[in-house]
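Note that the coordinates shown come from a computational prediction; the quantities given were computed from them, not determined experimentally. All residue numbers in this chain count up from 1 along the given sequence.
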Amino acid sequence: MKKKLLIIDLENNYSLKKKNFDVVHLSAGSVVLEECKTIKLSNIKNQNHRDFKKNFYSNLEKYLFSTCNKNDTEFFLETEICNIRNDKSDLFDKIYYINSIKNIIKKYDFVEVLYDNKNLTNTFNSLDKTKVNLNLVSNNNIREFSYTFFLLRRLKFFIRAFLLTLFVKFLPKKNEIYKENIALSIYPLLFHNKEIGIYNGDNQYLNFSITDETHLHQSLISKCKNLIYLNSDKKFIITEKNILLIDLIKNFIITFPILIDLYHFKKKIFKINNVDYSNLIFQHLVISLLNRLKLEIYKRSIKYIFKNKNIKNFKYFLFEYNFGFFLNNQINKVNKNINYIGYQHGIFSKNLFWFDFVKKFKKFNIYPDEIIANNKYSLNDYKEILKNKVKKYKFYKNKKNNLKNFQISKNSKNYLLVLGQHDHDHILRIFKNKRFDKNFFIKPHPRSKKIILNNYKNIKIYQKKIKFKKILFSQTTTVYYDWINKKRSKNFMLIGFD
């Protein structure tokens, strides 16, 4: 009998039937499987992870910077693609696992790939053209890149930013006296009782209402209401007040040279071990550029605020992300005497790639002088990864108790899924309509969009006083750190990629 391998990379479930295959899952979707054996990805990680990352970063550097000047390099390093957010996007894990799968294909006589994203066609086709058979089950409504689409997205942002900054101009003027301690805020994110709890001391808040539009999912009207409140409170500095119409116009004009860049990037090839990931990387680059371009409107405002010599300390969360890279880099160009204090607000571990790529660029100094970690595990990982790039490392105890209502009972048939902010859709698709003799409850991330469970027959929303046999944590939730810090019951698991 021929040995057959089925690679499933589907976002949704399909009624298609497959029989007598060894099966590897690369996404949450599946088909009807009969007499099949599932191969866990963790069992085929036969590629050295360190070697893979070194290879990946080397190829990414060539892809992004082979024709860049110094200014372009700084700009690209402040994009999300260089931040390597493998907690937010499964792109990087998928590339790693596809490369691992390539090494086992030779053991099989027949290989079939089921997928529903046509951007992956070249990738799977380059695994082994003689042996791999591709089956595009559905196109899954994947939008292809177009210059019109990019231009329209930029135009929509220009209109939104123009209306918001125009609204700010009509707010009553207030005297702004800058204090020594300025702290980043993106109101109402992280606020509790009119303060951001992770910061200590007496702070004045430097508030961003637009950012790159990935932090707040609010309507224009909601943001205007927030600005009215922020303007009435002396402790808030509204950065949008210093944005001029010329800043917005310049921001829109730079769309056109970026479109020229994208024309050249579209022709570039991104391969690792002869597997072609060009389409995947290009799509991620497009979104990264769209978001980074939005931050350009703040350059004048940052320069105006931080040329003030009263400011001594800048406290900020998001220092590990590309928005934090942008702030640190831009402030440092204006005032080199600022002390940067970075506060951990989410997860951090050495398994995340966030700093890995930017560390290669020695002159790109975007690190805080001091890092305040919220758990001892992350503190040790910050030290291991950043070493002497940061002068001080401290630990503060998170007073908020996220675990007080989690009760464990060996006799329970209930299982709790604690979801992360970015992976809740993926995790729910894994468990959707599975035939388990178990009851699943979910604890959504507080910043997740409202989750509707009408199509999830076996999943309910978490309720207090329910006891659970086991808790399954997303790998991107901070509640997991709380759990192991408190040395609670060992009845827990981490939810894997597959």
Heavy-atom closest contact ([X] atom, [Y] atom, distance):
{"X": "L184", "Y": "L318", "value": "CD2-CD1, 4.5 Å"}
{"X": "L127", "Y": "V132", "value": "CB-CG2, 4.1 Å"}
{"X": "F395", "Y": "K376", "value": "CE1-N, 3.6 Å"}
{"X": "F21", "Y": "L5", "value": "CD2-C, 3.6 Å"}
{"X": "F76", "Y": "C82", "value": "O-SG, 3.2 Å"}
{"X": "Y108", "Y": "D22", "value": "OH-OD2, 2.8 Å"}

Okay, side chain of [X], backbone of [Y]: is any donor-acceptor separation there less than 3.5 Å?
{"X": "N83", "Y": "R85", "answer": "no"}
{"X": "D369", "Y": "Y340", "answer": "yes"}
{"X": "N55", "Y": "D51", "answer": "no"}
{"X": "Y393", "Y": "A373", "answer": "no"}
{"X": "D116", "Y": "S138", "answer": "no"}
{"X": "S378", "Y": "S349", "answer": "no"}
{"X": "N375", "Y": "Y377", "answer": "yes"}
{"X": "N251", "Y": "L293", "answer": "yes"}
{"X": "E34", "Y": "K19", "answer": "no"}
{"X": "N13", "Y": "V32", "answer": "no"}

Using the ring centroid of each side chain, check whether H215 and F208 are separated by less than 6.0 Å. no
Quick one: are the ring centres of Y277 and F56 less than 6.0 Å apart? no
Qualifying residue, where the test is ring pair (Phe, Tyr, Trp, His ring centres under 6.0 Å) with F265 and the options are Y63, F282, F145, F65: Y63
Do S27 and D9 pair up side chain to side chain, a donor and an acceptor below 3.5 Å, judged on atom types alone? yes
Do N291 and E80 get their side chains close enough for a donor-acceptor pair, meaning under 3.5 Å? no
Side chains of [X] and [Y]: closer than 4.5 Å at any heavy-atom pair?
{"X": "K389", "Y": "F355", "answer": "no"}
{"X": "L77", "Y": "N329", "answer": "no"}
{"X": "F317", "Y": "F323", "answer": "no"}
{"X": "Y298", "Y": "I210", "answer": "yes"}
{"X": "H284", "Y": "F92", "answer": "yes"}
{"X": "Y115", "Y": "T121", "answer": "yes"}
{"X": "E78", "Y": "F364", "answer": "yes"}
{"X": "F110", "Y": "E112", "answer": "yes"}

Nearest-0.5 Å distance that lies between atom [atom1] in [X] and atom [atom2] in [Y]:
{"X": "I385", "Y": "L352", "atom1": "CD1", "atom2": "CG", "answer": "7.5 Å"}
{"X": "C36", "Y": "N20", "atom1": "SG", "atom2": "CG", "answer": "6.5 Å"}
{"X": "R154", "Y": "I258", "atom1": "CZ", "atom2": "CD1", "answer": "8.5 Å"}
{"X": "N99", "Y": "F52", "atom1": "CG", "atom2": "CZ", "answer": "5.5 Å"}
{"X": "I371", "Y": "F348", "atom1": "CD1", "atom2": "CZ", "answer": "7.5 Å"}
{"X": "L64", "Y": "T79", "atom1": "CG", "atom2": "OG1", "answer": "7.0 Å"}

Residues which pass side chain to side chain donor-acceptor pair (under 3.5 Å) with R160, listed by chain and number, not counting sequence neighbours: E213
According to side chain to side chain donor-acceptor pair (under 3.5 Å), who are the partners of T148, at least two apart in sequence or on a separate chain? none
Please test F325 against R292 for side-chain contact (heavy atoms from CB on, under 4.5 Å), starting from the C-alpha separation and ending with a verdict. CA-CA 11 Å; F325 298 171; R292 171 59 187 84; over 6 Å; no
Assess the residue pair N117 and E11 against the criterion (side-chain contact (heavy atoms from CB on, under 4.5 Å)); give the C-alpha distance rounded to whole Å, side-chain angles, the decisive distance to 0.1 Å, and a yes or no. CA-CA 8 Å; N117 178 352; E11 292 300 314; 6.0 Å; no
Does atom NZ of K131 have more than 12 heavy-atom neighbours, drawn from other residues, nucleotides or ligands, at distances under 6.0 Å? yes
Determine whether more than 12 heavy atoms belonging to other residues, nucleotides or ligands lie under 6.0 Å from atom NZ of K360. yes
Which label fits H345 and Y321: parallel for a plane angle under 30°, tilted from 30 to 60°, or perpendicular past 60°? perpendicular
Return the orientation label for the Y263 and Y147 ring planes: parallel under 30°, perpendicular over 60°, tilted otherwise. tilted
Salt bridge flag under 4.0 Å for residues K294 and D212: no
side-chain contact (heavy atoms from CB on, under 4.5 Å) for K250 and I254? Distances and angles first, verdict last. CA-CA 6 Å; K250 285 180 178 179; I254 61 175; 5.7 Å; no
Set of side chain to side chain contact (heavy atoms under 4.5 Å, CB included) partners for D109, sequence neighbours left out: K2, K3
Please assess L151 against F256 for the test side-chain contact (heavy atoms from CB on, under 4.5 Å), listing each intermediate value before the final yes or no. CA-CA 8 Å; L151 195 59; F256 299 98; 3.9 Å; yes
